[in-house]
Amino acid sequence: MNGFLRDRVRLTAGLLLGISLVCTGALLFGAGNSAMQTFAPEQTAGAPAQEDAGPLAEMTIAVDPGHGGYDGGAVGRVSGTPEKGLNLDVALRLARLLEAKGARVIMTRTDDRALCDEDPPIRKKLQDMQRRAALIQAGGADMVLSIHMNEYAGRSESGPQVFFREGCPAGRLLAGAIQQAMIDNLHPKTERTALGGDYYILTLGVPSALIECGFLSNRDEEARLLTESYREAVAQAVCAGVLAWASLPGEYPEPLAAVDRSDEPH
């Protein structure tokens, strides 16, 4: 399984990694020292690797807490709480759960910051996304999990919603496994189906999912998302979905190639 994923990363990295590796050092410097943190299973120095290192051993998973810094994201309808901090909390919990299952985890941010300069020569959001992509590609990620909170003009919408890259069978399989695990573990009032979408973070050439953990525009769901116990349950549900995906029989479909964004409008 993981050999396939790593081979696919090597084949597709030429599109984005070829562009980004030359300036990765500058990107990391501009993003700040704490923009990326790697979580890896603890191992005593000099000790041989354990035979059973966990079901996600050999996998490198990028966990991307959406928004940050100047970009607060969605806002709680009742509390006014921005999603950026909730995203980070869920992402850190998820990272530790994945690490406990043997994965090496890359975090695109570990504190409240956007990965862009104060006054960049391009749009702040574009620079932020470019730097997230560069961190993920440079880290050799086999999978991307981007954590967000949802909102809608109406207050009745609720339930977690998982997105995959439109037309990508590998992403659809991963997103479907996570969506079902969130239904099974969180028992939402509204049971949603994983949907295709056009999101920058899903176009890096590896199985990827953008996970909207719930609606901050829904009074009841907002209240749940503001509790540590529910955010822990969300992280556990996402991890359960990744584990369900990892245990699927047969060969995995190949992800779509990474998108060349060298002509991205500034």
Side-chain angles (χ1 to χ4, degrees), residues 2 4-24 27-28 30-31 35-36 59-68 71 73 87 91 94 105-109 114-116 120 122-150 161-179 193-213 238 241-242 245 252-266:
N2 295 311
F4 153 73
L5 290 171
R6 294 188 182 283
D7 288 343
R8 186 57 187 167
V9 169
R10 294 190 186 100
L11 287 172
T12 60
L15 288 170
L16 278 178
L17 191 54
I19 298 169
S20 63
L21 276 182
V22 175
C23 57
T24 295
L27 293 175
L28 295 177
M36 178 177 74
M59 283 205 71
T60 297
I61 301 177
V63 178
D64 171 54
H67 306 283
D71 180 9
N87 295 343
L94 174 61
V105 178
I106 300 168
M107 295 285 296
T108 57
R109 68 179 179 96
L115 276 67
C116 62
I122 60 176
R123 289 184 292 113
K124 279 188 172 183
K125 189 63 177 179
L126 176 58
Q127 188 180 67
D128 175 85
M129 295 309 300
Q130 287 177 342
R131 287 178 170 175
R132 290 173 194 257
L135 289 168
I136 291 168
Q137 291 284 350
D142 301 311
M143 176 187 294
V144 177
L145 304 173
S146 189
I147 305 299
H148 290 260
M149 304 288 155
N150 217 338
Q161 176 70 71
V162 185
F163 291 93
F164 57 91
R165 181 179 175 185
E166 186 70 51
C168 180
R172 183 173 64 246
L173 193 66
L174 174 63
I178 295 173
Q179 184 77 67
T193 302
L195 297 175
D198 181 21
Y199 297 99
Y200 193 118
I201 203 69
L202 302 182
T203 62
L204 304 184
V206 295
S208 306
L210 188 149
I211 301 149
E212 300 278 7
C213 300
V238 176
V242 174
W245 171 87
Y252 293 82
E254 292 189 2
L256 296 179
V259 173
D260 180 0
R261 294 187 179 273
S262 58
D263 295 328
E264 189 82 19
H266 291 181

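Small disclaimer: the values here were computed from a predicted structure and weren't measured. Worth knowing before you read on, the calculation uses all heavy atoms, side chains too, and leaves out hydrogens, waters and symmetry mates.
Checked by atom type and distance alone, the side chain of Asp128 pairs as donor or acceptor with a backbone atom of Leu115 at under 3.5 Å. No donor-acceptor pair under 3.5 Å is formed between the side chain of Asn150 and the backbone N or O of Glu212. Under the 3.5 Å distance criterion, the side-chain polar atoms of Ser208 are matched with a main-chain donor or acceptor of Val206. Side chain of Gln137 to main chain of Leu204: a donor-acceptor pair is present (N/O by atom type, distance under 3.5 Å, no hydrogens or angles). At least one donor-acceptor pair under 3.5 Å links the side chain of Arg109 to the backbone N or O of His67. The backbone N or O of Ile122 sits nowhere less than 3.5 Å from a side-chain atom of Gln127 that would complete a donor-acceptor pair.
Counting heavy atoms from C-beta on, the side chains of His148 and Ile211 never come closer than 4.5 Å. Between Leu145 and Ile61 the shortest side-chain heavy-atom distance falls below 4.5 Å. Between Val162 and Leu210, every side-chain heavy-atom pair lies at or beyond the 4.5 Å cut-off. Between Thr108 and Val63 the shortest side-chain heavy-atom distance does not fall below 4.5 Å. With a 4.5 Å cut-off on side-chain heavy atoms, Arg165 and Leu256 count as touching. Residues Asp64 and Met107 form no side-chain contact, since every pair of their non-hydrogen atoms from C-beta on lies 4.5 Å or further apart. Here the side chains of Cys213 and Ile147 are in contact, with some heavy-atom distance below 4.5 Å. Side-chain contact between Leu126 and Arg131 is absent, with no heavy-atom pair separated by less than 4.5 Å.
Closest approach of Ala91 to Pro65, counting heavy atoms only: CB-CG, 3.5 Å. Across every non-hydrogen atom of Gly68 and Ala114, the tightest pair is O-CB, 3.3 Å. Of all the heavy atoms in Pro253 and Ala170, the pair that sits closest is O-CB, 3.3 Å.
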(message) As a quick check of understanding, evaluate side chain to side chain contact (heavy atoms under 4.5 Å, CB included) for Thr60 and Ile106, giving each step before the final call.
(response) CA-CA 7 Å; Thr60 297; Ile106 300 168; 3.6 Å; yes

(request) Mind running side chain to side chain contact (heavy atoms under 4.5 Å, CB included) on Leu202 and Val144 for me, showing each step along the way? (result) CA-CA 7 Å; Leu202 302 182; Val144 177; 5.7 Å; no

(request) Go through the steps to decide whether Arg261 and Gln130 satisfy the test side chain to side chain contact (heavy atoms under 4.5 Å, CB included), and finish with yes or no. (result) CA-CA 9 Å; Arg261 294 187 179 273; Gln130 287 177 342; over 6 Å; no

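Using a 30° and 60° split on the angle between ring planes, Trp245 and Tyr252 fall in the tilted class, from 30° to 60°.
Ser146 and Arg132 share no donor-acceptor pair across their side chains, judged by distance under 3.5 Å alone.
To the nearest 0.5 angstrom, Thr203 atom OG1 is 10.5 Å from Asp260 atom CG. One finds the SG atom of Cys116 at 11.5 Å from the CZ atom of Arg123 (value rounded to the nearest 0.5 Å).
Considering only residues two or more places apart in sequence or on other chains, Phe163 meets the ring-ring contact (aromatic ring centres under 6.0 Å, His included) condition with Tyr199.
The stretch residues 166-175 participates, sequence neighbours left out, in no salt bridge (charged side-chain N to carboxylate O under 4.0 Å, His left out) pair at all.
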